[in-house]
Asker: 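Handing you a structure now.
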Amino acid sequence: MAACRALRYLGAMKFCSACGSPDIALRVPAGDTLPRYVCPACGQIHYQNPKVVVGCLPEWEDRVLLCRRAIEPRHGLWTLPAGFLENGETIAAGAARETLEEANARVEVGPLYTVISLPRINQIYVMFRGRLLDLDFSPGAESLEVRLFHEDEIPWETLAFRTITRTLRSFFLDRRLGAYPTRVSALERRPQAKPDLSGAG
């Protein structure tokens with residue numbers, strides 16, 4: 001069963017990135033339990049692992065900072081500053097870098113807040129709470145607009161990603177409760193709605 005699940009999430013591979021051979025086989029290597037792409041020419045085993053997205057929920061008094069995306073996917077929709085973790089980078093440093101790149105905002109990265117797995121697209125979102133150090137922010141290259149929002153101003157209908165909606169809803173709930181636990185969850189594929197055939201003739 002685990003092998004079947006693993007096959008669903010493997011990206012297609014046409015050439016060995018180590019030797020360039022087009023002779024790539026999909027098999028379970030010795031000592032492993034899951035199928036991997038293996039190059040018979042050079043013996044390289046190609047492991048495919050989830051991408052880590054890191055970001056920050058920047059706070060200023062009772063407002064949070066959001067960015068309106070200037071890039072696809074979800075061009076024109078609102079999000080928290082976040083992006084893919086770089087090699088050689090800690091998750092906290094990545095969150096600070098993404099906030100600076102997308103919002104030209106400097107933050108003191110605070111506690112880890114949400115960890116959200118998206119197994120369908122092989123991503124893990126890691127979001128920190130953060131304190132804005134000043135109000136000198138502006139749109140970065142990947143943002144059309146950057147602004148602070150009170151809770152009742154959040155553009156819920158035009159948020160870019162379910163991970164961002166979940167993080168913000170958790171934050172405002174926790175703020176009312178006066179405690180911010182680290183929240184670990186997963187977002188699975190939304191079930192397809194069954195068509196309403198009651199009016200079909």
Side-chain angles (χ1 to χ4, degrees), residues 50-86 88-190:
K51 297 282 190 184
V52 178
V53 176
V54 291
C56 197
L57 195 162
E59 303 170 51
W60 181 268
E61 297 174 347
D62 62 344
R63 293 179 291 172
V64 297
L65 188 75
L66 297 180
C67 307
R68 195 157 69 91
R69 291 175 62 82
I71 59 171
E72 295 293 352
R74 309 290 197 267
H75 180 277
L77 301 185
W78 291 92
T79 187
L80 292 166
F84 290 111
L85 185 68
E86 298 288 354
E89 187 175 50
T90 68
I91 53 176
R97 174 186 53 75
E98 285 292 338
T99 305
L100 185 61
E101 288 179 358
E102 296 188 7
N104 289 311
R106 286 144 299 283
V107 289
E108 177 186 326
V109 176
L112 178 64
Y113 186 51
T114 55
V115 180
I116 305 174
S117 296
L118 290 88
R120 183 177 58 85
I121 58 172
N122 305 320
Q123 291 182 4
I124 299 170
Y125 268 68
V126 178
M127 303 295 291
F128 292 84
R129 289 178 59 212
R131 184 178 64 86
L132 279 172
L133 297 178
D134 54 55
L135 294 178
D136 183 21
F137 55 79
S138 61
E142 297 182 359
S143 300
L144 297 169
E145 183 181 356
V146 180
R147 61 168 282 210
L148 288 165
F149 289 86
H150 291 284
E151 180 179 1
D152 61 3
E153 299 172 324
I154 298 292
W156 296 108
E157 298 303 314
T158 54
L159 291 179
F161 306 106
R162 293 167 67 198
T163 50
I164 302 307
T165 300
R166 177 168 290 186
T167 297
L168 286 169
R169 289 201 184 281
S170 297
F171 171 75
F172 291 121
L173 172 64
D174 291 340
R175 189 166 73 177
R176 285 191 288 277
L177 296 174
Y180 299 90
T182 301
R183 294 178 171 270
V184 179
S185 62
L187 283 171
E188 303 289 349
R189 183 190 298 271
R190 281 193 176 111

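Worth knowing before you read on, the calculation uses all heavy atoms, side chains too, and leaves out hydrogens, waters and symmetry mates.
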Asker: Does the cation-pi check pass for Arg147 over Phe149, that is, NZ or CZ under 6.0 Å from the six-membered ring centre and within 45° of its axis?
Answerer: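 Yes, Arg147 sits over the ring of Phe149.
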Asker: What I'd like to find out is whether the side chain of Arg166 reaches to under 4.5 Å of the side chain of Arg183, using heavy atoms alone.
Answerer: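 SC-SC contact between Arg166 and Arg183 ruled out.
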Asker: Can you tell if the side chain of Trp78 reaches within under 4.5 Å of the side chain of Ile154, non-hydrogen atoms only?
Answerer: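 When only atoms from C-beta onward are counted, Ile154 and Trp78 do not touch, as no gap falls below 4.5 Å.
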Asker: Check Gly76 against Leu144 and note the closest heavy-atom contact, atom names and distance.
Answerer: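 The pair with the smallest heavy-atom distance is CA-CD1, 4.1 Å.
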Asker: Quick one: side-chain contact (heavy atoms from CB on, under 4.5 Å) partners of Pro50, sequence neighbours excluded?
Answerer: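 Testing Pro50 for side-chain contact (heavy atoms from CB on, under 4.5 Å), a comparison that skips the adjacent residues, returns Ile124.
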Asker: Side chains of Val107 and Pro81: closer than 4.5 Å at any heavy-atom pair?
Answerer: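 Contact flag for Val107/Pro81 side chains = no.
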Asker: Just verifying a value: how many Å separate Glu108 CD and Cys56 SG, rounded to the nearest 0.5 Å?
Answerer: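 Reported value, rounded in 0.5 Å steps: 10.0 Å.
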Asker: Side-chain atoms of residues 110-119: list all donor-acceptor pairs with protein atoms under 3.5 Å, sequence neighbours left out, distances to 0.1 Å.
Answerer:
from	atom 1	to	atom 2	distance (Å)
Tyr113	OH	Ser170	O	3.0
Tyr113	OH	Phe171	N	2.9
Tyr113	OH	Asp174	OD2	2.6
Thr114	OG1	Thr167	OG1	3.1

Asker: Are Leu85 and Val126 packed together at the side-chain level, in the sense that at least one heavy-atom pair is separated by less than 4.5 angstrom?
Answerer: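 The answer is no; the side chains never approach within 4.5 Å.
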Asker: Pairs in or reaching into residues 54-75: which pass salt bridge (Lys or Arg N to Asp or Glu O under 4.0 Å), with residues at least two apart or in two chains?
Answerer: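 Counting only pairs at least two positions apart or across chains, the salt bridge (Lys or Arg N to Asp or Glu O under 4.0 Å) contacts touching residues 54-75 are Glu59-Arg129, Arg68-Glu145.
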Asker: With side chain to side chain contact (heavy atoms under 4.5 Å, CB included) as the criterion, how do Thr79 and Phe161 come out once you've worked through the C-alpha distance, each side chain's angles and the decisive distance to 0.1 Å?
Answerer: CA-CA 7 Å; Thr79 187; Phe161 306 106; 4.0 Å; yes
Asker: Using the side chain to side chain contact (heavy atoms under 4.5 Å, CB included) rule, take Leu66 and Leu80 through it: C-alpha gap first, then chi angles, then the decisive distance, then the call.
Answerer: CA-CA 5 Å; Leu66 297 180; Leu80 292 166; 3.4 Å; yes
Asker: Under 3.5 Å, side chain of Asn104 to main-chain N/O of Phe137, donor-acceptor pair present?
Answerer: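 No, the answer is negative, given that no donor and acceptor are paired below the 3.5 Å cut-off.
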Asker: Could you tell me which non-hydrogen atom of Ala96 sits nearest to which non-hydrogen atom of Val109, and how far apart they are?
Answerer: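 Looking at all heavy atoms of both residues, the shortest contact is CB-CG2, 3.8 Å.
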Asker: Pair Phe84, Glu98 - check side chain to side chain contact (heavy atoms under 4.5 Å, CB included), show working.
Answerer: CA-CA 9 Å; Phe84 290 111; Glu98 285 292 338; 5.7 Å; no
Asker: Which heavy atom of Leu133 sits nearest to which heavy atom of Trp60, and what is that distance?
Answerer: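 What the structure gives for the nearest pair is C-CZ3, 4.1 Å.
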Asker: May I ask you to test the Asp136-Arg106 pair for a side-chain heavy-atom distance under 4.5 Å?
Answerer: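 With C-beta onward as the side chain, the pair touches.
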Asker: Is there side-chain contact between Leu148 and Val64, with heavy atoms separated by less than 4.5 Å?
Answerer: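 No, side chains not in contact.
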Asker: Give, for atom CE of Met127 and atom OG1 of Thr182, the distance between the pair rounded to the nearest 0.5 Å.
Answerer: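 Met127 atom CE to Thr182 atom OG1 measures 13.5 Å (nearest 0.5 Å).
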Asker: Any idea which heavy atoms bring Gly94 and Val54 closest together, and the distance?
Answerer: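 That would be C-CG2, 3.5 Å.
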Asker: Would you confirm whether Ser143, through its side chain, and Glu102, through its main-chain N or O, come within 3.5 Å as a donor-acceptor pair?
Answerer: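 Flag set: sc Ser143 to bb Glu102 pair under 3.5 Å.
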Asker: Mind listing the closest non-hydrogen atom pair of Arg162 and Glu188 along with its distance?
Answerer: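 Minimum heavy-atom separation between Arg162 and Glu188: NH1-O, 3.1 Å.
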Asker: Looking at Thr163 and Tyr125, what are the two nearest heavy atoms and their distance?
Answerer: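 What the structure gives for the nearest pair is OG1-CE2, 3.3 Å.
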